[in-house]
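Everything on this sheet refers to the single structure shown next.
Throughout, protein chains are lettered first and strands after them, A, B, ... in sequence-line order, and every chain is numbered starting at 1.
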Amino acid sequence: MEKRVRVRFAPSPTGGLHMGGVRTALFNYLFAKKHGGDFILRIEDTDQTRFVEGAEAYIINALKWCGISPNEGVGFGDGPHAPYRQSERKESGIYKKYADRLIESGHAYYAFDTSEELDEMRKRLEAAKVVAPQYNAVTRQNMRNSLTLPEDEVKKLLDSGAKYVIRLKVPRNEEIRFNDIIRGWVVVNSAQVDDKVLLKSDGMPTYHLAHIVDDIEMKISHAVRGEEWLPSAPAHILIYRYLGLENDMPKLAHLPLILNPDGNGKISKREARFPVFPLSWHDPREAMPYIGYKETGYYPEAFVNILALLGWNPGNNEEIFSLEQLSALFDFERVHKSGAKFDPEKAKWFNQQYLRKHTDAELAEVFKPILKEKGYERSDAFLADFCRLVKEKVQFVHEFWNHGKYVFEAPTAYDEKVMTKKWNDKSKAIYSAVTAKFTAVNDWTVDNITKSFHDAEAEVGKVDMQVLRVLVSGVAGGPQLFDMLALIGKEEVLNRLNIALSTLS
RNA sequence: GGCCCGUUCGUCUAGGGGUUAGGACACGUCCCUUUCACGGAUGAAACACGGGUUCGAUUCCCGUACGGGCUACCA
């Protein structure tokens, strides 16, 4: 029988969760949904020195905003395998128990080396031109551990409470292979793997031990994580093997990384000229917060859609997908092996697609408070009309203001390019005639405005619509002109025209 | 440096032994439009390189180059 699909997202609370992490969470979520399985949030806080206040809450909020909530885990009601925080799980002695099992079977050992001694070893090896200094089958023979020390001395050290770590005893020369769902067979020689620390001297497990213990205990079926874990996967295989759990271990899937758009490397918060966090993140150790996608005006649906298509695609030409659709379509077979550079421009385009799905009334509702901040209030009907006219020009709701503020405010200047090119000594008479015709309009509707404009043209000849636009709005572009005039209102339009005509010569 | 992973238009990608190598973003041109857009059409733009295998390779294999990841008592 196939194992029930149970996947986990297991971040460490060392900072805000950035878009790469969110994508890992998303792929886990989609895979779980696709197979009717479980999606678990586990907090890997085994490094107490890197704990950051607020990071865990941030991770939870970010997942919620994206709509990819786990159905089990920290912040989501826990579940049958509580607790889901490794620092709390440690209390039961579970990690030590597994480490002891490895000691007993001879696949792990105690090491008493101080960090100074380890430094010395590395320096010594570097001086000896060893290319990759590491604690391994060869070098461990010269270090202070339960393999080199006499048995009674080891016992004495242990009894006296000396600091020690437990290390994995990696064989000297053995081929380790595993079948990655995304990458296929990966082969590494154990000579490349160092004797990883399993249990630290503060009694906490390292990631390597902890995630394996928890994945087993929590019956995880697939470990889906970023490519940065690929190099340590062989060590993990060994741990499962020595624990006698190779047949119970989760299937491995290493996701390609999200790369910086320009230059190189994986996305980094510092150099990015675009948001990297889903929500604004203020690291307590830093002065300035990083702005998030949410605060930039992205819809969570758009953000998720963008992420889903970075490293995965459905195999056809469609690009706009809801979470539900993605859940039905997602498949590791269609996940790429290579990293994807993030394109901020296309991200904006995605948001635009989602913005257009909203009704005028919905957009108005969101724009209302933004407008109020600018000091203006209008009826819902007016705002819906406004949004209908301007929505095709914007990618974000907040852009409604920049693209349409002249609806609310009279111009203080007139687009120079248009005016120098099109305004001449005949203009004043022409637009005065237009103003006169407008004044005579009783019912200020688009039809009547259009008609009176034509009447003016019958009298004075062709009238340049763009100049009229500039006289009323100040700018060269904008929504359909007569719609705009109707929205602004007769009195205000006439006011603006009269001011324009009296200031321009 | 070593090890691992990767490489189709600028970017995201489809495809896959014989194709006019398809789509999307961005960009150019045109059409629609008495203004502004949307929209439509269209253009420029890619199989990293060298060897094999093959009747034929962008597709399979091997090298090279380039890119990325890892190289902690961090995850």
Side-chain angles (χ1 to χ4, degrees), chain A residues 10-15 44-47 49-50 111 113-115 118 122 126 129-135 163-167 180 182-184 186-189 191-194 196-208 210-211 225-234 254 256-257 259-262 264-266 306 309-320 334 336-350 356 389-394 403 418 450 453-454 457 462-470 473 475-484:
Chain A
S12 58
T14 53
E44 310 223 323
D45 55 348
T46 52
D47 187 350
T49 63
R50 294 209 310 158
D113 317 279
T114 63
S115 54
L118 291 171
R122 286 192 198 97
E126 272 164 35
K129 300 258 193 298
V130 172
V131 283
Q134 56 178 18
Y135 206 114
K163 290 270 183 201
Y164 68 90
V165 301
I166 293 181
R167 282 183 185 269
D180 187 280
I182 294 168
R183 285 149 210 285
V186 177
V187 184
V188 179
N189 191 288
Q192 306 302 329
V193 181
D194 64 343
K196 295 222 175 309
V197 170
L198 267 15
L199 207 69
K200 301 186 261 191
S201 57
D202 64 359
M204 279 297 224
T206 59
Y207 167 84
H208 304 293
H211 94 273
R225 74 237 290 203
E227 191 187 345
E228 68 267 28
W229 292 110
L230 204 47
S232 55
H254 289 95
L257 267 15
L259 274 15
N260 263 323
D262 39 44
N264 26 42
K266 54 180 172 178
I306 293 161
L309 261 41
L310 246 27
W312 173 87
N313 75 86
N316 56 33
N317 286 334
E318 290 172 56
E319 297 191 285
I320 304 300
R334 303 203 62 89
H336 276 225
K337 293 184 176 77
S338 49
K341 283 188 187 171
F342 175 67
D343 182 355
E345 289 308 311
K346 187 144 186 182
K348 291 178 193 166
W349 175 83
F350 271 106
R356 287 180 186 175
L389 294 187
V390 186
K391 80 192 256 192
E392 65 193 25
K393 327 180 97 63
V394 303
H403 280 80
V418 173
T450 311
F453 180 81
H454 288 318
E457 282 196 314
K462 194 170 175 310
V463 178
D464 192 302
M465 285 177 76
Q466 196 182 25
V467 174
L468 178 58
R469 170 188 291 284
V470 172
S473 75
V475 298
Q480 212 294 115
L481 181 56
F482 298 133
D483 284 312
M484 187 179 98

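One can place NZ of Lys129(A) at 12 Å from C1' of G1(B), the figure rounded to the nearest angstrom. For the pair Gln192(A) CD and G2(B) P, the interatomic distance rounds to 11 Å; values are reported in whole Å. Put simply, CG on Asn189(A) is 19 Å from P on U71(B), counting in whole angstrom units. Between the P atom of G22(B) and the CG atom of Asn313(A) lies a distance of 17 Å, rounded to the nearest Å. In this structure, the CD1 atom of Ile320(A) is 18 Å from the P atom of C12(B), given to the nearest Å. Look at NZ on Lys346(A): it is 9 Å from P on A24(B), rounded to the nearest Å. The distance from atom CD of Glu319(A) to atom C1' of A26(B) is 13 Å, rounded to the nearest whole Å. U11(B) atom C1' lies 13 Å from atom CG of Asn260(A), rounded to whole Å.
Rounded to the nearest 0.5 angstrom, Lys346(A) NZ and Leu309(A) CG are separated by 7.5 Å.
Of the P atoms belonging to G68(B) and C61(B), the separation is 24 Å, rounded to the nearest Å. Taking atom C1' on both nucleotides, C60(B) is separated from G22(B) by 23 Å, rounded to a whole Å. The P atoms of G50(B) and G15(B) are separated by 26 Å, rounded to the nearest whole Å. Using P as the reference atom, C70(B) and G18(B) are 38 Å apart when rounded to the nearest Å. Taking the C1' atoms as reference points, A21(B) lies 24 Å from U29(B), given to the whole Å. Between G40(B) and U33(B), the two C1' atoms lie 13 Å apart (nearest whole Å). Comparing C9(B) with A45(B), their C1' atoms sit 5 Å apart, to the nearest whole Å. Between C27(B) and A44(B), the distance separating the two C1' atoms is 9 Å to the nearest Å.
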Under the side chain to side chain contact (heavy atoms under 4.5 Å, CB included) criterion, do His254(A) and Arg225(A) qualify, and how do the steps go?
-> CA-CA 5 Å; His254(A) 289 95; Arg225(A) 74 237 290 203; 3.0 Å; yes
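For Ala132(A), counting side-chain heavy atoms from C-beta on, the closest listed nucleotide (G1(B), U35(B), G10(B)) is G1(B). The listed nucleotides are C5(B), A14(B), C3(B); the one nearest the side chain of Arg334(A) is A14(B). Comparing C12(B), A14(B), U35(B) against the side chain of Leu310(A) picks out C12(B) as the nearest. Nearest to the side-chain atoms of Asn317(A) among the listed nucleotides G22(B), U35(B), U34(B) stands G22(B). Of the listed nucleotides (C5(B), U34(B), A26(B)), U34(B) has the atom at the smallest distance from the side chain of Phe453(A). Minimum atom distance to the side chain of Trp229(A) is reached by A75(B), of the listed A14(B), U34(B), A75(B). The side chain of Arg183(A) approaches C5(B) more closely than any other nucleotide in the set C12(B), A75(B), C5(B). Residue His454(A) places its side chain closer to U34(B) than to any other of U34(B), C73(B), C4(B). Nearest nucleotide to the side chain of Lys393(A), out of C36(B), G69(B), C25(B): C36(B). Residue His336(A) places its side chain closer to U13(B) than to any other of A37(B), U35(B), U13(B).
Asp464(A) comes within 4.0 angstrom of no nucleic acid atom, judged by non-hydrogen atoms across all strands. Within 4.0 Å (heavy atoms only), Ala476(A) reaches sugar-phosphate atoms of the nucleic acid but no base atom. In this structure, Thr14(A) reaches neither bases nor backbone, as no heavy-atom distance under 4.0 Å exists between it and the strands shown. Across all strands, Glu457(A) comes closer than 4.0 Å to base atoms (heavy-atom distances). Lys266(A) comes within 4.0 angstrom of sugar-phosphate atoms only, judged by non-hydrogen atoms across all strands, and of no base. Residue-level contact check: Thr49(A) touches neither bases nor backbone, having no heavy atom under 4.0 Å from any strand. Among the protein residues, Arg225(A) comes within range of no part of the nucleic acid, since none of its heavy atoms lies under 4.0 Å from any strand. Within 4.0 Å of Gly226(A), counting heavy atoms only, lies no atom of the nucleic acid at all. Among the atoms of the strands shown, only primed sugar atoms or phosphate atoms (P, OP1, OP2) are found under 4.0 Å from some heavy atom of Lys337(A). Counting any heavy atom pair closer than 4.0 Å across all strands shown, Gln480(A) reaches a base atom. Nucleic acid contact class of Glu392(A) (heavy atoms, under 4.0 Å, all strands): base.
Judged by distance alone with a 3.5 Å cut-off, a donor-acceptor contact links the side chain of Ser201(A) to the base of C73(B).
With both pairing distances under 3.5 Å, C27(B) is matched to G43(B) as a Watson-Crick or G-U wobble pair. Base pairing annotation: A21(B) forms no Watson-Crick or G-U wobble pair, as no partner gives both donor-acceptor distances under 3.5 Å. When both distances must be under 3.5 Å, the Watson-Crick or G-U wobble mate of C66(B) is G6(B). With a 3.5 Å ceiling on both atom-pair distances, the Watson-Crick or G-U wobble partner of C60(B) is G52(B).
Between Gly311(A) and Trp349(A), the residue anchored nearer the 5' end of RNA chain B, judged by the nucleotide with its closest heavy atom, is Gly311(A). Position along RNA chain B of the nearest nucleotide to Val186(A) versus Gln466(A) favours Val186(A) as the more 5'-ward residue.
Residues Phe342(A) and Ile306(A) meet the side-chain proximity criterion, which asks for heavy atoms closer than 4.5 Å.
Minimum heavy-atom separation, Val390(A) to Pro479(A): CG2-CG, 4.5 Å.
Between Asp47(A) and Arg50(A) there is a salt bridge, since a side-chain N of the basic residue sits under 4.0 Å from a carboxylate O of the acidic one.
Ring geometry for Trp229(A) versus His208(A): interplanar angle over 60°, hence perpendicular rather than tilted (30 to 60°).
A distance-only check finds no donor-acceptor pair linking the side chain of Arg334(A) to the backbone of Trp312(A) [under 3.5 Å]. No donor-acceptor distance shorter than 3.5 angstrom exists from the side chain of Asn260(A) to the backbone of Asp262(A), with no hydrogens or angles considered. Counting only distance, with no hydrogens or angles, the side chain of Gln480(A) and the backbone of Leu389(A) share no donor-acceptor pair below 3.5 Å.
Contact annotation: Arg356(A) side-chain N/O to G39(B) OP1/OP2 distance is under 4.0 Å.
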